[in-house]
Asks: 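Below is the structure I would like to discuss, written out as C-alpha cells.
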Amino acid sequence: MSYNEASRQDLDNKQFYIETYGCQMNFADSEIVNFILMEEGMKPVGEPDKADVIFVNTCAIRENAETKVWNRLKELRGLKESNRDLTVGVLGCMAERIRDQIIEQEQLVDMVVGPDAYRDIPRLLRQVDDGRKAVNVLLSLEETYADITPVRTSGNGVTAFVSIMRGCDNMCSFCVVPFTRGRERSRPMESILDELKQLSDNGSREETLLGQNVNSYRTDNSDFTTLMDHTSRVDPEMRIRFSSPHPKDFPVDLLHLIAERPNLCNYIHIPAQSGNNEMLERMRRPYTREQYLELIDTMREIIPGLSLSTDIIAGFCGETEEEHRDTMTLMETVRYDLAYMFAYSERERTLAHRKFEDDVPDEVKKRRLSEIIEQQMMIQQEINLTEIGREHLVLVEGPSKRSDEQLCGRTDTNKMVVFDREEYRKGDYVVVEIHDSTSATLKGQAKHKSSIREYYSEAVPV
Ligand code: SAH
Ligand code: SF4
Ligand code: F3S
C-alpha cells in the first residue's frame with residue numbers, strides 16, 4: 001500500500017460537522033471546506049455529537065462575536081471529555097489572531113486553520129491523528145479556491161452565496177477583516193460563471209455574489225460591471241444579488257445595467273457607517289455625507305423602486321452627541337428599507353486601536369444604538385405599510401418559520417413575504433398581493449405562478 005493510500009484511509013469515512021459563525025463569506029467558506037473534506041472520503045453529519053471531527057468557523061468582527069465562539073468551544077470541550085478521539089478545529093477569522101491562546105492556554109482545540117489555508121486541512125488532520133497539534137494560519141496573495149465546487153449541505157437549494165473575491169484592502173480604521181482575511185484578490189470570471197451555471201442546472205434560483213468590497217472586483221478580462229453583465233446572462237430566470245459595494249467608487253454603469261436587466265435585483269446594500277464627515281474621516285471611509293447622499297439620489301433616479309440597506313456603527317472613537325445625531329438624520333433622509341446596526345467594538349491591530357481612544361462609554365454607545373434602532377424600526381414600519389395593496393414577484397424559499405401551511409420567500413427588493421401554501425412549491429416564482437406588514441415581514445395572498453420574463457414584460461413601470 002502506498003503512503004497516499006494509507007493516509008487516505010485514515011480520513012476515509014470519518015464524520016465531520018461544521019458550525020459557522022459570522023458573515024455570509026464564512027458560510028460560503030464552510031461550503032468550500034465541505035468539498036475539501038468530502039474529497040478525502042469524509043462524510044458530513046448534521047449534529048456535533050455524531051462527528052469524529054468538529055470544526056467551528058469563527059468570526060472576529062466584534063467582541064460579542066468572539067465571546068460566542070469562546071463559549072461554544074468550552075461546551076465542545078465537554079464533548080471531548082466523553083469522546084477522547086474527537087478532534088476539534090477552529091477555522092476562519094479568529095484563527096490567526098488568537099492561535100496561541102486557542103492552542104496553548106485553553107487546551108480547547110486540536111487544530112487552527114486560517115481562511116486561506118483550507119486546502120491544507122487534510123494534512124493537518126493527519127498531523128492531529130499522529131498526536132500533534134496542527135496550525136496553518138498563513139494568508140495568501142492568490143488563493144481564491146477557484147477550482148473548488150462548494151458543497152452546500154445546508155440551505156434551501158433555491159438560494160446560494162457565491163464568493164467572487166477574498167480579503168480586503170480598504171483598511172477602514174475600525175475593521176479587523178483586512179487582518180483576518182488578508183489582501184484583496186478576485187476569483188477568475190470563468191470560474192464564477194461555471195459555478196452559476198451549475199447552480200442553475202441544479203435548480204438554484206437566486207445567487208448572491210460575495211466580496212468585502214465588490215466594486216473593486218478586477219481580473220485581466222473583467223471588472224465588477226462586466227462580471228454582473230455576464231452573470232445576468234447565465235440564466236434569465238436566475239436572480240443575482242451582490243454584497244457589499246463600497247460607497248467610495250460605486251460604478252454608475254452598473255446602476256443602468258441593474259435597471260435594464262430584470263434578473264439583477266433592485267436591492268443594494270450600501271454601508272454608510274456614519275452620517276458625519278469627521279467620523280467618516282476617522283473611520284477612513286473616503287466619502288462625505290454629501291457624496292453619499294448624492295450617490296443614493298443617483299441610485300434612486302436610475303433604478304425606480306430601488307430598495308436600500310446599510311450598516312451603521314454607533315459610538316465610534318470620539319463620537320459626540322452632535323455627530324451621533326448626524327447619523328440619525330442621514331438615516332432619516334435616506335429611509336433605508338433595512339439596516340444592520342452595531343455598537344462600536346474595539347479590535348486589536350486596527351488603526352483605531354493603535355491611534356484613537358475607545359472613549360464613548362458603554363452606556364452611551366448602547367443608548368445611541370437603541371435610538372438608531374428605534375428610529376429605523378419606525379421607518380421600516382412606515383415603508384412596509386406602503387407595500388399594502390402592491391404586487392410582488394416572490395421566489396419561494398420554503399415553509400415559513402411559524403407554520404408548514406405557509407410559505408415564505410423574497411421579493412426582488414429583498415423583503416421577506418409570507419403567504420398561504422396552496423399549490424405552490426419551493427423554487428416557484430409566485431405573484432403575491434400584499435395585504436399586511438410589520439417592520440420585518442410582508443404578508444400576502446398568492447395570485448398565480450409566473451416567471452421573471454413573464455412578470456417583468458407585463459409589469460407596468462413604477
Ligand atoms: N466589507 C463589508 C463589511 C464587513 S463587516 C463592507 O464594507 O460593507 C460588516 C459590518 O460590521 C461593517 O459594515 C460595520 O458596520 C460592522 N463593523 C465592522 N467592524 C466593526 C467594529 N469594530 N465594531 C462594530 N461594528 C463593526
Ligand atoms: Fe472592513 Fe472596510 Fe474592508 Fe468592509 S471595506 S471589510 S468595513 S475594512
Ligand atoms: Fe465575516 Fe466575521 Fe470574518 S464578519 S469576514 S467572519 S470577521
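Just follow the structure's listing: the first ligand is 1, and inside any ligand the first atom is 1. Positions are given from 1, in the same order as the sequence printed here. Everything quoted here is computed from the prediction, not taken from an experiment.
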Asks: Go through ligand 3 atom by atom and flag the ones less than 4.0 Å from a non-hydrogen atom of R181.
Replies: 3 (Fe), 5 (S)
Asks: Can you name the atoms of ligand 1, numbered from 1 with element, that are less than 4.0 Å from a heavy atom of R347?
Replies: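 Contacts of ligand 1 toward R347, numbered from 1: 22 (N).
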Asks: Name the option, out of H269, R62, E63, Q24, that contains the heavy atom nearest to atom 16 (C) of ligand 1.
Replies: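 When every heavy atom of H269, R62, E63, Q24 is considered, R62 comes closest to atom 16 (C) of ligand 1.
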Asks: Nearest protein heavy atom to atom 9 (C) of ligand 1, by residue and atom, and its distance?
Replies: D311 OD2, 3.7 Å
Asks: Would you confirm whether the ring centroid of Y145 sits within less than 6.0 angstrom of the ring centroid of F35?
Replies: no
Asks: Can you confirm, on distance only, whether ligand 1 has an N/O atom lying under 3.5 Å from any N/O atom belonging to N213?
Replies: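 No, since none of the N or O atoms of N213 sits under 3.5 Å from an N or O of ligand 1.
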Asks: Parallel, tilted or perpendicular: which describes the rings of F250 and F242, with under 30° parallel and over 60° perpendicular?
Replies: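 Plane angle between 30° and 60°, so tilted.
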Asks: Could you see which bit of A343 sits under 4.0 Å from ligand 1, with heavy atoms only: side chain, backbone, both or neither?
Replies: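 The answer is the backbone.
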Asks: Within C23, is some N, O or S atom less than 2.8 Å away from atom 1 (Fe) of ligand 3?
Replies: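 Under 2.8 Å: C23 contacts atom 1 (Fe) of ligand 3 through an N, O or S atom.
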Asks: Find all atoms of ligand 2 within a distance of less than 4.0 Å from any non-hydrogen atom belonging to P178, and give their numbers and elements.
Replies: 8 (S)
Asks: Taking all atoms of both residues into account, what is the closest heavy-atom pair of H269 and S243, and its distance?
Replies: CD2-OG, 4.0 Å
Asks: Specify the protein heavy atom at minimum distance from atom 5 (S) of ligand 1: its residue, its atom name, and the distance to 0.1 Å.
Replies: I61 CD1, 3.5 Å
Asks: Going by the atom numbers of ligand 3, which of them fall below 4.0 Å from some non-hydrogen atom of N26?
Replies: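 Taking each heavy atom of N26 in turn, ligand 3 has 6 (S) under 4.0 Å.
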Asks: List every atom of ligand 2 that sits less than 4.0 Å from any heavy atom of M171, numbering the atoms from 1 in the order shown and giving each element.
Replies: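 Listed by number with element, the hits are 8 (S).
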Asks: Considering only heavy atoms, does N213 approach ligand 2 within less than 4.0 Å through its side chain, its backbone, both, or neither?
Replies: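 No part of N213 comes within reach of ligand 2.
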Asks: Of all the non-hydrogen atoms in the protein, which one sits nearest to atom 8 (S) of ligand 2, and at what distance?
Replies: C172 N, 3.4 Å
Asks: Drop me the distance from Y287's OH to E294's CD, to the nearest 0.5 angstrom.
Replies: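 Rounded to the nearest 0.5 Å, the OH-CD separation comes out at 14.5 Å.
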Asks: What protein heavy atom is closest to atom 7 (S) of ligand 3, reported as residue, atom name and distance in Å?
Replies: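 Protein heavy atom at minimum distance: A60 N, 3.3 Å.
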Asks: Under 4.0 Å from any heavy atom of Q212, which atoms of ligand 3 are there?
Replies: 5 (S)
Asks: Tell me: protein heavy atom nearest atom 6 (C) of ligand 1, and distance?
Replies: Q212 O, 3.7 Å
Asks: Answer with yes or no whether G92 contacts ligand 3, where contact means a heavy atom under 4.0 Å from a ligand atom.
Replies: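 Per 4.0 Å heavy-atom rule, G92 does not contact ligand 3.
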Asks: Which protein heavy atom lies closest to atom 19 (N) of ligand 1, and at what distance to 0.1 Å?
Replies: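 Of the protein heavy atoms, F174 CD1, 3.3 Å lies nearest.
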Asks: Answer yes or no as to whether an N/O/S atom of C175 is found below 2.8 Å from atom 1 (Fe) of ligand 2.
Replies: yes
Asks: Any nitrogen or oxygen of Y344, side chain or backbone, less than 3.5 Å from one on ligand 1?
Replies: no
Asks: Taking the basic N atoms (NZ, or NE/NH1/NH2) and the acidic carboxylate oxygens, is any pair closer than 4.0 Å for E207 and R239?
Replies: no
Asks: Run the numbers for me: atoms of ligand 2, each under 4.0 Å from some heavy atom of Q212, listed by number.
Replies: 6 (S)
Asks: Within 2.8 Å of atom 3 (Fe) of ligand 3, is there any N, O or S atom belonging to C59?
Replies: no
Asks: For atom 8 (O) of ligand 1, what's the nearest protein heavy atom and its distance?
Replies: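 Here the nearest protein heavy atom works out to P271 CG, 3.0 Å.
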Asks: Return yes if some donor-acceptor pair links the side-chain N/O of N170 with the main-chain N/O of C172 below 3.5 Å, else return no.
Replies: no
Asks: Around atom 5 (S) of ligand 2, find the nearest protein heavy atom and jot down its residue, atom name and distance.
Replies: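 Ranking protein heavy atoms by distance from atom 5 (S) of ligand 2, first comes N170 ND2, 3.3 Å.
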Asks: Please work out whether any backbone atom (N, CA, C, O) or any side-chain heavy atom from C-beta onward of M25 is under 4.0 Å from ligand 2, and answer side chain, backbone, both or neither.
Replies: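 None of M25 does.
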Asks: Starting from atom 21 (C) of ligand 1, locate the nearest protein heavy atom and write down its residue, its atom name and how far away it is, to 0.1 Å.
Replies: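 Among all protein heavy atoms, the one nearest atom 21 (C) of ligand 1 is S345 O, 3.6 Å.
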Asks: Does an N or O anywhere in E346 fall below 3.5 Å from an N or O of ligand 1?
Replies: no
Asks: Would you please determine whether R181 falls within less than 4.0 Å of ligand 2 on a heavy-atom basis?
Replies: no
Asks: Measure from the side-chain N and O atoms of N277 to the backbone N and O of T288, and report whether any donor-acceptor pair falls under 3.5 Å.
Replies: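 Side chain of N277 to backbone of T288, a donor-acceptor pair under 3.5 Å: no, none is there.
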Asks: Just to be sure I read this right, does ligand 3 sit under 4.0 Å from the backbone of M25, its side chain, both, or neither, counting only heavy atoms?
Replies: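 It is neither; nothing of M25 touches ligand 3.
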Asks: Looking at atom 14 (C) of ligand 1, what's its closest protein heavy atom, distance included?
Replies: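 Going atom by atom, the protein heavy atom closest to atom 14 (C) of ligand 1 ends up being Q273 OE1, 3.4 Å.
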Asks: What atoms of ligand 2 come closer than 4.0 angstrom to any heavy atom of C168?
Replies: 3 (Fe), 5 (S), 6 (S), 8 (S)
Asks: Taking distance alone, with no angle check, do I313 and ligand 1 share an N/O pair under 3.5 Å?
Replies: no
Asks: For atom 3 (Fe) of ligand 3, find the nearest protein heavy atom and state the residue, atom name and distance (0.1 Å precision).
Replies: C93 SG, 2.3 Å
